[in-house]
Number of protein chains: 4
Amino acid sequence: MKKKAEERKNQILRAAFQAVSTQGYNSVTLQSIADHAGVSKGVVHYYFDNKEDTLSQLLEWITNKIYKHELKAVDSESTPLDKLKAYVNSIFVSPEENEKFYKVYLDFLSQATRNETYRKINHSFYQQCWGITSNIIIFGQETGVFDQSIDVEKASKTMRSIVDGLLIQWLMSEDINSHEYYKEICYQSFLKHLKIT
Amino acid sequence: MKKKAEERKNQILRAAFQAVSTQGYNSVTLQSIADHAGVSKGVVHYYFDNKEDTLSQLLEWITNKIYKHELKAVDSESTPLDKLKAYVNSIFVSPEENEKFYKVYLDFLSQATRNETYRKINHSFYQQCWGITSNIIIFGQETGVFDQSIDVEKASKTMRSIVDGLLIQWLMSEDINSHEYYKEICYQSFLKHLKIT
Amino acid sequence: MKKKAEERKNQILRAAFQAVSTQGYNSVTLQSIADHAGVSKGVVHYYFDNKEDTLSQLLEWITNKIYKHELKAVDSESTPLDKLKAYVNSIFVSPEENEKFYKVYLDFLSQATRNETYRKINHSFYQQCWGITSNIIIFGQETGVFDQSIDVEKASKTMRSIVDGLLIQWLMSEDINSHEYYKEICYQSFLKHLKIT
Amino acid sequence: MKKKAEERKNQILRAAFQAVSTQGYNSVTLQSIADHAGVSKGVVHYYFDNKEDTLSQLLEWITNKIYKHELKAVDSESTPLDKLKAYVNSIFVSPEENEKFYKVYLDFLSQATRNETYRKINHSFYQQCWGITSNIIIFGQETGVFDQSIDVEKASKTMRSIVDGLLIQWLMSEDINSHEYYKEICYQSFLKHLKIT
DNA sequence: GATGAATGAGTCTTCATTCAT
DNA sequence: CATGAATGAAGACTCATTCAT
């Protein structure tokens, strides 16, 4: 029985993701989420306390999915450079995916500036992201591929900032097909930053 | 008479900035903007067509102010490195100022993903920002301070992404006093990126 | 379930009729309609798209009711003259009823001059009214009671104009008790017009 | 000085007529009336107490103008039949004029059902209209052109109802070019009613 | 568990009216 | 006299939330 409830929640979260991505955090209605999920409005309230609860669980769910996706990609490679490449590839998936996710993610960032719950969830996500790059950098330093003088913490923050910042610029650009171009900038910036010797 | 109207609009835009920064783009009400400006609700409608008009003019006004502020800071220095330093200083003004502006700015970024008007205004802002760093980089290359091989366009995008990305991470951090720390990361990342010779 | 919704809509339309009759088309508020129906404001919006939708459905509902009432009265008689008499009786029901309906009807006529939806609904109503009198006239001509030379279409238009025009004059008169007098004028005008032989 | 004020008021009333005809009684704003008159909003309030005062003076002004127009037309003819013809002609002036006036007039009728001031003004207008036809009928009876048995009061009411009713039907028709047709119906109905011998 | 009818708080928006200049 | 800036009351509409079925 528990399983069924879990599935139901996932179904609603998936629907919520679609709905928020299309309509935006503030324009989205519980009715619209219910419609996307193919259930009635009451169901959403049955599985979630209220609108904010629904959406904060969505943030947790989606950031966790993204993190796992990135982690898996990095783990499946064995050299620092391959891991770095895999990381960038796992982030710049496709214009469609990135657009959908970053629209929602920007909404949450915007909310998080004034909502402690969201802020904390997002902070955890950042820590996970920093963790991935930290591991890559340390591994690279240990194997002599990356510059020894790099401050791991600082570099991780810079790398995350490049990812977020570039994808935001891409979203704001007039040309959605510049996706590949921004991906390139990201990877080259990473390399430059880690001063490959 | 025209002057008075212009002042009135600025007064309302200042109030709107305060109100949006505190309450957020979507929670802000025209009533609250009017309250912040110390005028009646009707006045806002007298000077602006509607809520969206008010807020899009706010975005234009605030990004323009920020751009001019950065430009002035950079122009007042004469060497590439001083200009770079001045640019970073003009961005990382103070925790209070940065928090206020970036809260509002994130709100607008979030809106811009689904609103062409906002997107365009923000795109113009980006072009202005890219322009500032491009000039610094080219100047540095001409004077032999920065690496000749740097792709100016790409570097400018990376630099803007570092600024945005770091300030977002700073906003999300638990420690608002890490402002100085993030500023440092920004400057060091810039230097590393321009491969000072 | 469908039936309940239908009843609810009728309940609201009845309430809307009362409200419009009392306050007038433009002064009526959805709140007032809700009050008259003994429901909350939201209910009206639940069953109708918006104010105009509510009121245009009211126009359709009320004109249809009037038409059916007139038709039934005429159908229950068997001679042309009796039908004519029944028609007049079905129109001039009582001062209270006529006042209530014609106040609302004048409101809609006034709206219909600038609103295609209302104009069309009202045009349909006119066609139904013309149909009733046309049938009476043709029946009268066939049975040799009415003048053969009467142009059925023209006569129907004149007859409807006499009904509308007289009831408007009655509404504008200082003496609401002149109802019977205006009814008499109507019937006599009809007879004169059909040149009873 | 008095003359200038009178002209000013007329200028505003003319503007109000245009504005009401286009936008409707309830949609019209004092701003729009001021715009049509080419003056500022304040001016309207200077010459009229408030919106209702403006519009009730408009009703008086416009009905008076119509009455004088009809009276003049009738007075310029010398035989009963010519007077009757002239009366119809003075009413069915042109599609444009009739449309403009009857839109406004229907608005006022609709208001008059719940506003004593308007009702009285309109009742006076009706008395004037009845007066015109009464005179024609009596003149026709005296000269032996019309049926002696006609009840003058009743016939006048019927004749006014035919005018109002037909013009309303014409306004509601899909074909605004049927103007001539409705005029014909009006004249023929009048003749039929007065039983020309 | 699921549905969707009902509620009502909260906002934008319009506009008559006032009044200082 | 004329202007138009300012006010604020009023109303349509949205939607999260509740709850009876």
Side-chain angles (χ1 to χ4, degrees), chain A residues 1 4-5 8 23 26-35 37-55, chain B residues 1-2 4-5 7-9 12 26-34 37-55, chain C residues 1-2 4-5 7-9 12 23 26-34 37-55, chain D residues 1 4-5 8 26-35 37-55:
Chain A
M1 293 306 113
K4 207 165 192 177
R8 211 60 160 148
Q23 308 170 257
N26 280 281
S27 300
V28 90
T29 64
L30 291 185
Q31 181 64 66
S32 148
I33 293 175
D35 290 348
V39 298
S40 84
K41 202 167 23 136
V43 173
V44 182
H45 270 99
Y46 188 81
Y47 289 99
F48 299 90
D49 290 348
N50 49 39
K51 194 183 179 182
E52 188 177 325
D53 181 44
T54 315
L55 293 174
Chain B
M1 294 305 112
K2 276 273 176 76
K4 212 162 190 173
E7 272 174 39
R8 208 65 160 145
K9 282 189 86 169
I12 293 168
N26 281 282
S27 301
V28 91
T29 65
L30 290 184
Q31 180 65 68
S32 146
I33 292 175
V39 296
S40 83
K41 197 166 26 124
V43 172
V44 183
H45 274 100
Y46 190 80
Y47 289 97
F48 298 91
D49 289 349
N50 50 40
K51 195 181 179 180
E52 186 175 331
D53 180 46
T54 314
L55 293 175
Chain C
M1 294 306 114
K2 276 274 176 74
K4 213 163 192 175
E7 271 174 39
R8 209 63 160 146
K9 282 189 84 168
I12 293 169
Q23 308 171 258
N26 281 282
S27 301
V28 91
T29 65
L30 291 183
Q31 182 64 67
S32 146
I33 293 175
V39 298
S40 83
K41 194 167 30 124
V43 172
V44 183
H45 274 102
Y46 190 81
Y47 288 97
F48 298 91
D49 289 348
N50 49 40
K51 194 180 177 180
E52 186 175 330
D53 180 45
T54 314
L55 294 175
Chain D
M1 294 306 111
K4 208 165 190 178
R8 210 64 160 144
N26 280 281
S27 300
V28 91
T29 64
L30 290 187
Q31 181 65 66
S32 147
I33 292 175
D35 290 348
V39 297
S40 83
K41 205 170 19 140
V43 173
V44 182
H45 269 99
Y46 187 81
Y47 290 99
F48 299 91
D49 290 348
N50 50 39
K51 193 181 181 182
E52 188 176 328
D53 180 44
T54 315
L55 293 173

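Numbered from 1 within each chain, the chains take letters A, B, ... in sequence-line order.
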Inset, instruction - Could you grab the distance from atom NE2 of His45(C) to atom OG of Ser40(C), nearest 0.5 Å is fine? - result: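 Interatomic distance, His45(C) NE2 to Ser40(C) OG, rounded to 0.5 Å: 11.0 Å.
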Give me the distances for all protein-to-nucleotides 14-16 of chain E N/O pairs that come in under 3.5 Å?
| residue | atom | partner | partner atom | Å |
| --- | --- | --- | --- | --- |
| dA16(E) | OP1 | Val28(D) | O | 3.4 |
| dA16(E) | OP1 | Lys51(D) | NZ | 2.8 |
| dA16(E) | OP2 | Leu30(D) | N | 3.1 |

d([atom1], [X]; [atom2], [N]) in whole Å:
X	N	atom1	atom2	answer
Lys9(B)	dA6(F)	NZ	C1'	17 Å
Glu52(A)	dT17(F)	CD	C1'	15 Å
Asp53(B)	dC12(E)	CG	P	14 Å
Asp35(A)	dC15(F)	CG	P	12 Å
Leu55(C)	dG11(F)	CG	P	14 Å
Ile33(C)	dG11(F)	CD1	C1'	12 Å

Legend entry - Nearest non-hydrogen partners of Ala37(B) and Ile12(B), listed with the distance: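 Result for this residue pair: CB-CA, 4.4 Å.
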Legend entry - Nearest-nucleotide pick for Val43(B), side chain only, options being dT7(F), dT7(E), dA2(E): dT7(F)
Inset, instruction - Identify which nucleotide among dT7(E), dA2(F), dA6(F) has an atom closest to any side-chain atom of Arg8(D), counting heavy atoms from C-beta outward. - result: dA2(F)
Inset, instruction - Look at all strands and tell whether Phe48(D) reaches a base, only sugar-phosphate, or nothing, counting heavy atoms closer than 4.0 Å. - result: nothing
Legend entry - Residue-phosphate contact under 4.0 Å: Tyr47(C) side-chain N/O, dA6(E) OP1/OP2: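 Checking Tyr47(C) against dA6(E): at least one side-chain N or O falls below 4.0 Å of OP1 or OP2.
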Among all residues two or more places apart in sequence or in another chain, which pass the side chain to side chain contact (heavy atoms under 4.5 Å, CB included) test with [X]?
X	answer
Asp53(A)	Phe48(A), Asp49(A), Asn50(A), Ser56(A), Gln57(A)
Lys51(B)	Val28(B), Leu30(B), Leu55(B)
Thr29(D)	Gln31(D), Ser32(D)

Inset, instruction - Treat a base pair as Watson-Crick or G-U wobble with both distances under 3.5 Å, then lay out DNA chain F in dot-bracket form, 5' to 3', with | for cross-strand pairs. - result: .||||||||||||||||||||
